[in-house]
Every structure is written in structure tokens, then in C-alpha cells.
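Reviewing the structure listed below.
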Amino acid sequence: MSIAEQLPKQYDPQDAQARWYPFWVDRGYFQADPGRDAPPYTIVIPPPNVTGALHLGHALNNTLQDVLIRWRRMQGYDTLWMPGTDHAGIATQAVVEKRLFTEEHKTRHDIGREALVSRIWAWKHEYEARILGQLRLMGCSCDWSRTRFTLDDICARAVRTTFFRLFQEGKIFRGKRLVNWDTQLRTAVADDEIEYKETDGHLWTIRYPVTGSDSESLHVSTTRPETMLGDTAVAVHPDDERYKHLIGKTVTLPLLGREIPVIGDAILVDPKFGTGCVKVTPAHDPNDYQTGLRNHLPQINLLNPDGTYNENAGPYAGLDRREVRKRVVADLEAQGLLVKTEPYTNRVGYSDRSKTPIEPYLSDQWFVRMADDPDGSPGFAQQAMDAVTSGRLKIHPERYAKSYLDWLGEKRDWCISRQLWWGHRIPIWHCATCSEADLKHAFGDRPDVFWSPDESGSGWLVCSETDLAPDALGPSHTLEQDPDVLDTWFSSALWPHSTLGWPEQTPELAKYYPTSVLSTARDIITLWVARMVIFGQFNMGDVPFKDVYIHSVIQDGDGKRMSKSLGNGVDPVDIIETYGADALRFTLASSATETQDLRMPVERVTDDQGRIATRKAPGQPITFIPADEAKDLPKEQLVNTSKKFEEGRTFPNKFWNAARFALMNLEGYTPGPVRPEELAVEDRWILSLLRRAAADATTQLDAFRFADLAKGLRDFTWNEFCDWYVEFIKARLRDEGTRPAAQRVLATVLDGLCRLLHPVMPFVTESVWQALGGVAKARGLPEPAEASESVCIAAWPSYPDSWDDPEAEYDIAQWQEKVAALRNLRAERDVPKNAKIEPILVAQGRAAEALARGASYIQSLVGAGSVTVAPSADRPGESAVTVLADAEIILPLAGLIDPKAELAKLSKAKGDLEKQLGGIRSKLRNASFVERAPAEVVEQQRTRLAELEAQHAALVSRMAELGGGS
RNA sequence: GGGCGAUUAGCUCAGCCGGUUAGAGCGCCUGUUUUACACACAGGAUGUCGGGGGUUCGAAUCCCUCAUCGCCCACCA
């Protein structure tokens with residue numbers, strides 16, 4: 001059996017995936033080689049969180065990165081796609097803690113730091129394996145030998161060194177800050193890890209008596225009455241006539257009896273809101289905190305880490321915050337100080353992780369200084385802004401540069417400490433009792449140890465690149481390591497250079513930094529991209545990448561964000577199993593336009609009996625169960641897909657079958673040169689289009705226009721190569737004389753298609769490449785050359801300008817137009833399928849010459865007995881007529897023409913023409929148009945007018961012949 | 001509240017540095033087992049380009065405004 005006959009009629013994606021991925025990996029195509037003499041092209045993967053598996057958003061992002069990497073690899077670059085995963089601090093700890101609680105009813109405090117961390121590692125191993133497996137299934141050509149994890153030793157080393165350098169240069173400092181405290185997890189959470197919910201509560205109004213006055217008092221309203229225990233002032237607007245005389249006096253804080261000042265503060269107080277008086281609790285409210293700083297108010301912390309109140313709450317000490325609220329309200333009421341209680345809906349912040357209300361909480365934290373230096377030299381934020389404004393770093397689409405610059409413009413210090421156990425431990429050791437002499441004695445000659453006085457307490461803070469033993473200062477002093485870990489973004493921010501081995505001066509670092517492109521989602525432009533720029537410039541003295549590509553966000557069909565728990569999430573593996581990896585990739589690449597959001601209508605997968613596809617757990621095989629049983633399942637067990645991927649499935653199949661056709665017709669292929677005169681018009685035409693398709697593809701990839709790339713290649717493959725070229729050459733392939741040249745062109749075009757389509761559809765192209773290699777190992781024009789062993793490493797095509805052939809394109813366009821018109825006539829006039837037609841094409845000049853050259857092709861493509869091309873012809877009464885811009889088509893159809901119906905059709909065509917003519921005529925009658933529009937536009941309209949008038953005249957004369965009026 | 005973006009065929013989207021008759025895929029209708037492909041082929045229908053106003057010889061495209069939707073940021077005593 002020939003190779004072609006062994007190929008199934010339908011492309012089998014699973015077979016190709018199973019075959020070629022190991023093939024590529026075994027041959028080491030994905031491995032970068034810093035020793036190779038080729039320019040570098042590098043992408044670091046945005047490391048997915050090990051929290052869970054990848055979804056369609058990741059699939060989109062990684063498809064695009066793989067397209068770029070495969071393209072550049074083919075262009076001859078030494079490509080490195082650096083893979084890895086992110087430990088994702090709080091997110092991962094939270095899922096593991098949650099599981100610990102639901103399965104064993106234990107908190108992390110029950111099992112301790114070491115045990116929890118080891119459980120998280122186990123989780124990490126499981127999900128890392130799944131994530132990397134998903135990427136492999138998608139066909140991602142990462143250099144797996146370099147896979148990194150943000151918490152591995154290589155990354156840890158970079159974290160240590162960076163922290164040390166920052167500390168040494170005074171870029172890291174310790175400070176008090178109001179953090180969002182999660183009392184259940186006992187940790188601070190980031191602003192973006194808070195979910196606000198509209199919650200029904202109350203607004204309580206409390207009376208604060210003015211000290212030394214029997215009658216006067218101020219009324220303040222609050223949604224959190226318990227915090228009044230920590231009030232250190234009452235603020236009014238400085239211009240408020242009702243209260244301004246009280247500024248500088250004091251009021252007596254109810255329940256505790258402290259005297260607190262009345263202050264004027266125009267920023268905090270809106271005199272029109274509520275009573276116009278605001279209680280100020282600097283330690284427990286962000287605005288009040290700022291107010292406290294402005295007015296030098298004391299900060300009274302009321303909270304213990306577990307959510308109970310501390311000794312500052314006086315009689316309420318030891319009670320949970322919720323209990324304190326109840327008692328404070330009851331006590332105020334009992335003392336007649338509660339003015340009123342109103343129902344009130346406000347937004348309460350809940351921790352994303354524990355789903356409990358967040359408490360603003362004053363605590364010691366570590367910060368990286370973002371602001372400019374006191375001497376005015378630019379700080380980290382400014383440096384990162386400069387990278388973009390100077391053009392060293394480009395963000396695509398450009399509009400996202402604005403969010404980057406706006407956010408950095410605030411130059412807010414970056415809080416890098418987290419009260420967690422999963423992460424890089426802060427490399428600071430505190431010694432409360434020692435003197436600087438002790439430190440000098442112990443570490444004096446060590447360049448990797450640096451200390452500074454603890455400004456917030458007594459003793460010294462010692463930063464070290466390597467762990468310090470508790471007794472490193474001798475038996476009389478204790479060194480205690482800071483219990484906190486670093487914000488997960490601290491290690492992510494180092495990713496582009498830590499993964500290359502920094503601070504070691506590795507060959508990789510020298511060659512691959514700065515990397516080429518970063519592709520990511522817009523919601524982490526600030527959290528991640530900006531910080532990579534900051535640390536890249538700090539450690540490496542250069543931006544971490546030259547281009548940042550921001551892809552769109554995938555939503556479901558209703559515009560809702562996809563998520564597994566909402567039941568609208570789509571697992572790329574489900575798509576791959578249903579449609580194939582190439583289908584997934586092609587559809588995603590086709591969808592990658594410059595939009596912000598991308599809708600992906602989602603539907604359940606069912607079998608032909610209407611049963612619902614489910615998976616017991618992600619990664620498990622699909623089982624189908626009756627619909628009514630599926631109702632009660634958790635949504636994350638349902639398998640979703642989207643019709644959008646149908647398009648991605650049909651295209652590889654179309655290409656596959658075009659290849660089968662080619663292979664079947666390459667029997668007896670012999671490599672050899674093709675002389676220009678051996679090329680038929682259609683050969684010159686397809687080569688001209690192939691050249692343009694390749695040039696366009698290159699341009700689009702350069703500009704990250706993935707959708708245009710996918711569409712352009714699809715159109716060329718399907719609408720030009722399959723629909724026309726293959727049809728054109730069928731006859732020549734049957735003729736022994738013309739067969740060899742036709743085969744050589746066919747092999748060349750198929751070879752080019754494999755290359756051009758490979759970045760987007762690696763699997764089907766490799767299948768075709770290998771099969772093609774079986775019959776035509778040497779191919780290409782004008783001289784054949786031996787093809788490489790894999791399309792993965794074949795050269796990206798760039799064809800000579802001499803292939804550009806406007807004459808051939810003109811000819812083919814002429815043929816195509818006439819074929820389309822004749823097919824339309826056949827269909828519209830109900831010409832029997834097997835009837836041989838005898839059309840006459842009336843044309844003059846260049847058009848006539850082109851049609852004469854193509855007569856035999858037109859004949860076979862429209863099922864004609866003969867095709868006549870003539871400068872003029874009589875129109876038989878029983879014939880259908882179509883009038884085109886440069887030709888008239890006469891189709892004699894004895895016995896098939898109903899003059900009335902024919903007239904009606906012509907009349908409709910005439911009506912359309914007249915509408916267009918009317919538009920153009922009125923335009924040309926308009927003096928301002930003729931005067932003001934550019935000359936070529938006016939000329940264009942005149943030409944068009946002449947064409948349409950000629951067509952109109954022909955129609956009118958035909959109608960007269962048929963006996964119809966004009 | 002500030003910002004970004006969207007609104008074009010039944011659906012998902014191109015087009016938008018103004019200029020022939022606004023396109024694609026899917027879906028729909030009619031026909032076809034034409035020896036690569038029914039995941040196909042041939043033909044066809046479908047749009048006051050969200051509403052209103054303006055600029056211009058000319059607006060889907062530029063400006064203003066309103067409406068609806070989405071996202072980001074800030075914030076709600």
C-alpha cells in the first residue's frame with residue numbers, strides 16, 4: 001500500500017499527539033544551547049500557580065508563546081522557552097489549609113509549621129505534574145530540562161541575594177502598616193485578595209460628650225461601633241460652622257472615659273455626610289490611619305492576631321470582636337449614649353481565602369521603598385516608569401502602558417512580608433540583647449552579613465545570605481529569625497533572571513537576558529510586570545524583556561469570568577480530548593485579537609444519547625452519566641466545551657486531506673529543477689500567493705497579530721490552495737508530460753504550508769511533513785533540497801520576490817470570476833447536474849487573452865462541453881446572460897429559459913445597478929465633491945461610473961431582446 | 001468615584017490613521033456520496049454598523065452626548 005493510502009480519511013489528532021511530542025522531546029529540539037552560535041530568543045513562561053490546574057486563559061497565553069517560540073526556532077534562533085511554576089504563597093497555603101480543615105478538622109496551628117509545609121509540598125508535586133502535563137498535551141515546546149519552581153534552590157538563592165542587596169542599600173525597611181488582617185488564617189492579605197460584598201448591617205450613632213460641658217456633645221456614626229474603643233480623636237470639617245469652635249477642645253470617650261481631642265480635618269470629613277463628625281481610629285481604619293499620621297494622633301491597637309480584643313480594650317479584653325460589638329452597643333445603650341441605630345448596607349471586605357471579614361490591623365511589616373531618593377534621584381517606581389516612557393520596554397496593545405504608568409506613578413511602597421508559612425522566609429535575624437561589637441566580632445569579615453539597628457525596637461536586625469544559627473553570636477545572645485515569609489511576587493519578580501541562574505554569572509544569563517517577549521494577562525501588569533522591571537533593572541541593570549504582550553481575557557458566553565466553581569470553566573484537556581490540540585491552538589490563536597475580553601460560549605459535553613460528560617476529578621477519564629444524575633454533581637466535575645473549537649477541528653482536517661490528495665498524486669515523484677517556462681499560469685499564481693502568505697505571516701508574527709496570522713493562513717490554504725489550485729492541476733497530474741512539473745510545484749507548496757502552519761498547528765503539520773518526506777524527501781523550487789527530519793526545525797519560509805506575479809494573478813482572477821458567474825447561472829437556472837453547457841464569454845483585450853488561456857480550466861470547473869471566448873456574440877433568445885464589469889457571459893440554455901423569469905432576474909440586476917449608478921452620479925454632480933475630494937478618488941468614481949453605465953446598457957439591450965421594457 | 005474597553009448578520013468576531021456594493025467562521029436555506037476531504041463541495045439569504053447630535057464633499061471609521069455591558073483601580077465614617 002502506498003503511503004497515501006495508509007492515511008485515514010479523517011485526521012486523528014490523538015494519534016499525532018502521541019507520536020510527535022515524544023519525537024520532538026527525544027531529539028532535543030526544545031533545548032536551548034547557549035554554546036550554539038545563533039542569536040537568542042527567549043520567553044519565560046508566566047509561572048502558573050500550583051494552586052490548581054490550567055484553564056483556557058492559560059491555554060491561550062501558552063499557545064501564543066509557543067507560536068512565537070516555534071516560529072523563531074524555525075527562523076534559526078537559539079530559542080529558550082523557560083518553563084516553571086509559582087509557589088503562589090497564600091493561595092496555595094489556603095487551599096491546603098482548607099483541605100486540612102475539611103478532611104481532618106485541624107488548623108495549621110494544630111499540626112505546626114513543618115508538617116503544614118510538607119503537606120503543601122505534596123500538593124505542589126501533584127499540581128505541578130498536572131500543569132506541566134497540560135502544557136505538554138498542548139504541544140508547548142518548553143525546554144523542560146530547565147524547569148524551575150519559584151521556591152526551589154536556584155530561585156531561593158536569587159531571593160536571598162536580592163533581599164540582601166536591597167537591605168544593604170537601604171531599599172528595604174521595616175515599618176508599621178495597616179494591613180488587611182485575616183483573623184482565621186492569622187495573616188495579612190493583599191488588597192487584591194479581598195472580596196467586597198454588600199452586607200446588611202447597621203449604622204450606629206454614638207454621643208461623645210464634650211469635656212467640661214453639660215450640654216454639648218458630638219454625634220458620630222459608625223458601622224463598626226467596637227472600634228470606638230481605639231478612638232484617639234473626633235474629626236470635624238475645619239470650616240463647619242456647627243463645630244469649628246470645638247476644634248482644640250476634647251470630648252470624653254464613652255465607656256473608657258479617655259479624653260480625646262476634636263480636630264479639624266478637611267480630607268477625612270465630608271460635612272454633608274451624616275452628622276459631619278467622624279470618629280478617628282488610626283489603628284483600625286485606613287482613612288483614619290492617614291488622618292492619624294496627618295494630625296500626629298496616637299494609634300491604639302485593640303486587636304490580637306486571632307480576632308479577640310487585647311488589654312487596650314479595657315473591660316472588653318479577651319472577647320472576640322463580634323462579642324465586643326454586641327457588648328459595646330448594649331453598654332452604650334444602657335448609658336444613654338446610643339443616639340440611634342439604623343439599618344445600613346455597606347460593603348464589607350472578606351478574605352478571598354477564608355471567606356471571613358477582614359480587620360484592618362496595625363502591624364510590623366517589611367517594605368521595599370518605591371519612592372524617589374531624598375536627593376531626588378529616581379527610585380524604583382520612577383525607574384520602572386522610565387523603562388516604558390523611554391521605549392526600552394514596549395507594551396502591546398499600547399493602551400495598557402497607561403495602567404502600568406498610573407499605578408507606578410503613585411510610588412507606593414511595596415509591602416513584602418506575609419504572615420504565612422509557605423514561602424521564602426525573610427532572611428532577617430533579630431538580636432535584642434547584643435551590641436554592635438558582638439556583631440562585628442561574630443560576622444565582621446563576612447561580606448554576606450549586614451546589620452542595622454532595629455528602629456522599631458531594641459537591638460539589631462541582621463540580614464544574611466545564608467542561614468544563621470540561633471547561637472551564632474555565642475551562648476549569651478539569641479538570634480531569632482523573622483517568622484514571616486516574602487510576598488509571592490517577590491520571587492516572581494526575579495523570574496526572568498533567577499531562572500537563568502543569577503546571581504551566578506552563567507552562560508545562560510549572559511546569552512538569554514534580557515528575554516525577548518513576555519506574554520501575560522492584564523490583571524497582573526502591576527503586581528508582576530512592573531516588579532520584574534524593577535528587580536531586573538536593580539539586579540541586572542537592564543529591563544527583563546523588550547516587549548510585553550497582553551492577551552485578552554476569556555469570558556463565558558454571558559460575559560462572565562470563567563471559573564470552575566461557577567461551572568463555566570473549560571479545561572484545555574477537555575478540548576484536546578474532544579477536538580485535538582491543534583484545534584485548541586488554532587481557535588485560540590484565531591481569537592487573539594486586540595480586544596480586552598473574549599467571549600467563549602460554553603456548553604456541556606454530551607454523548608449521542610444525551611448523557612452528560614463528567615470527570616470524578618480533574619485529570620480522571622471522562623464518564624457519561626444520565627442527565628438527571630448529573631444535576632446533583634459539583635459543577636467542577638462537569639465537562640465543558642465550546643462550539644468555537646469546531647472551526648479549529650475542521651481546518652487541520654482540511655489540511656490533512658489536501659495533503660492526502662497531494663501524496664496520492666506524488667506517486668512516481670522525482671526531484672528535479674523546474675524551468676520557469678515549465679510553470680503553468682496556475683503554478684505561477686499559487687507561488688505568487690504562497691510568497692505573499694509567507695511574507696504576511698512574518699509581518700503578523702512580528703506585530704503579535706495572531707488572529708490575522710491564523711486567518712491569513714487558513715484563507716490561503718483553504719480558499720486558494722484547496723479550492724482552486726488543487727482543482728486546476730488535477731488534469732495536469734493525469735498527463736504524463738505535465739505531471740513531473742506539477743508534482744514538483746505541488747510538493748513545494750505543501751512543504752511551504754507545513755512550515756507556515758507549524759507554529760499554530762504543530763501536530764498535523766508534523767504528520768504531513770513526515771508523510772511528504774516519505775515520497776518527496778527532496779523538494780523545492782527552483783532547485784530541490786533535502787528536507788529536514790522534522791518541520792519543527794525546518795527553516796521558516798521566505799520566498800524570492802521574483803515569485804511575485806501580477807500577470808498570473810490577473811489571469812486567475814479572471815478565471816475565478818467567470819467560473820463563479822457560470823456556477824451561479826447553473827444553480828439559478830436549475831441546469832441539470834450532468835448537462836454539458838456551452839457558454840460564450842464575450843470580452844476584449846487583456847481580459848479576452850486571459851480567458852483564452854484559461855478556457856480549458858473553466859470548461860472543466862463548470863462542467864462545460866466547450867467554452868467560447870469571443871469579442872462579440874449574438875445572444876440566443878433562450879439563453880441566460882450575466883453582465884460583468886469587463887465581460888459578458890452568455891449561456892445558451894435551450895428549453896430551460898422562461899423569458900418572464902429571465903426578465904425578472906435581469907430587472908432586479910438592473911435595479912441594483914441603477915441604485916449604485918444613482919449614488920455615483922449624485923456624488924459626481926456634487927461640486928464640492930469634485931473640487932475637494934482627492935483627484936484619484938474622483939477619477940475612481942468616474943471609471944466606476946463608465947463601467948456601470950456599460951453594464952447597464954448591456955442589460956437594457958438584453959431585456960429589449962427578450963421583449964421587456966427598459 | 002477615576003480609568004480602560006465593548007456595543008457591526010441569529011452567535012463569536014474582523015474592519016475603524018474617513019473614500020467603490022461593510023467582511024469572516026459558525027448557524028440558516030437549496031442542491032450534491034464530482035475518484036483529497038460530508039470535519040466536504042457548489043449556490044443562496046441575512047446588517048437603518050447601540051440611540052441622538054456634530055465635524056466633513058463624504059462617517060461603521062473622527063468629536064460630543066446618552067444608554068447598556070465588561071474589566072481594572074480607588075473608596076464608601
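Taking each heavy atom of Gly276(A) and Arg242(A) in turn, the nearest pair found is CA-NH2, 4.0 Å. Considering all non-hydrogen atoms of both residues, Val269(A) and His237(A) come closest at O-CD2, 3.4 Å. When all heavy atoms of Ser217(A) and His219(A) are compared, the pair lying nearest together is OG-NE2, 3.8 Å. Annotation for Arg224(A) and Pro360(A): closest pair NH1-CD, 3.5 Å, computed over non-hydrogen atoms. A pairwise comparison of heavy atoms in Ile575(A) and Asn640(A) identifies CD1-O, 4.4 Å as the closest pair. Pairing each heavy atom of Ser642(A) with each of Tyr579(A), the nearest pair is O-OH, 3.8 Å.
Note: CZ (Phe651(A)) to P (C39(B)) measures 17 Å, nearest angstrom. The distance from atom OH of Tyr11(A) to atom P of A38(B) is 17 Å, rounded to the nearest whole Å. Distance, Phe645(A) CZ to C26(B) P: 16 Å, rounded to whole Å. Between the CZ atom of Arg826(A) and the C1' atom of C41(B) there is a distance of 14 Å, given to the nearest Å. In this structure, CE of Met600(A) is placed 11 Å from C1' of C13(B), rounded to the nearest angstrom.
For C39(B), the base has no donor-acceptor partner in the side chain of Lys654(A) [N/O atoms by modelled type, under 3.5 angstrom].
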For Thr291(A) and Arg294(A): C-alpha separation, side-chain torsions, deciding distance, then whether side chain to side chain donor-acceptor pair (under 3.5 Å) applies. CA-CA 5 Å; Thr291(A) 308; Arg294(A) 279 195 299 274; 3.1 Å; yes

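Remark: the separation of the C1' atoms in G51(B) and U46(B) is 23 Å, to the nearest Å. One P atom belongs to C69(B), the other to A74(B), and the distance between them is 23 Å to the nearest Å. Of the P atoms belonging to U61(B) and A45(B), the separation is 27 Å, rounded to the nearest Å. For the C1' atoms, the distance from A60(B) to A22(B) is 8 Å, rounded to whole Å. The same atom, P, is picked in U20(B) and in G58(B); the two are 15 Å apart, to the nearest Å. G23(B) and G15(B): their P atoms are spaced 15 Å apart (whole Å).
Contact annotation for Arg522(A): backbone-only contact, meaning every heavy-atom pair under 4.0 Å involves sugar-phosphate atoms and none involves a base. Using a 4.0 Å heavy-atom distance criterion, Trp204(A) is classed as making no nucleic acid contact. Within 4.0 Å (heavy atoms only), Glu727(A) reaches at least one base atom of the nucleic acid. Within the 4.0 angstrom heavy-atom criterion, base atoms lie near Arg649(A). Within 4.0 Å of Asp723(A), counting heavy atoms only, lie sugar-phosphate atoms of the nucleic acid but no base atom. Nucleic acid contact class of Leu598(A) (heavy atoms, under 4.0 Å, all strands): sugar-phosphate only.
The side chain of Ala820(A) sits closest to G43(B) out of A40(B), G43(B), C11(B).
Aromatic ring orientation, Phe721(A) versus Tyr725(A): parallel (interplanar angle below 30°, classes split at 30° and 60°). In this pair, Trp815(A) and Phe728(A) present their aromatic rings perpendicular. The plane angle is above 60°, beyond the 30 to 60° band.
Contact annotation: Lys730(A) side-chain N/O to A36(B) OP1/OP2 distance is under 4.0 Å.
Just one residue in the list Trp656(A), Phe716(A), Phe645(A), Phe586(A) forms a ring-ring contact (aromatic ring centres under 6.0 Å, His included) with Phe651(A), and that residue is Phe586(A).
Taking the side chain as every heavy atom from C-beta outward, Asp231(A) and Val280(A) never approach each other to under 4.5 Å. Within the 4.5 Å cutoff, the side chain of Ile524(A) has no heavy atoms near those of the Val529(A) side chain.
For residues 219-233 of chain A, proximity to RNA chain B is found at Ser221(A), Thr222(A), Thr223(A), defined as any non-hydrogen atom under 4.0 angstrom from a strand atom.
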Using the 3.5 Å cut-off, write out each protein N or O paired with an N or O of nucleotides 4-7 of chain B and the distance between them.
residue, atom, partner, partner atom, Å
C4(B), O2', Gln596(A), OE1, 3.3
C4(B), O2, Gln596(A), NE2, 3.4

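Between Asn824(A) and Asn657(A), the one whose closest nucleotide on RNA chain B sits nearer the 5' end is Asn657(A).
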Summary of protein contacts for nucleotides 15-23 of chain B, nucleotide by nucleotide, where a base hit scores B, a sugar-phosphate-only hit scores S (4.0 Å, heavy atoms): ----BBB--

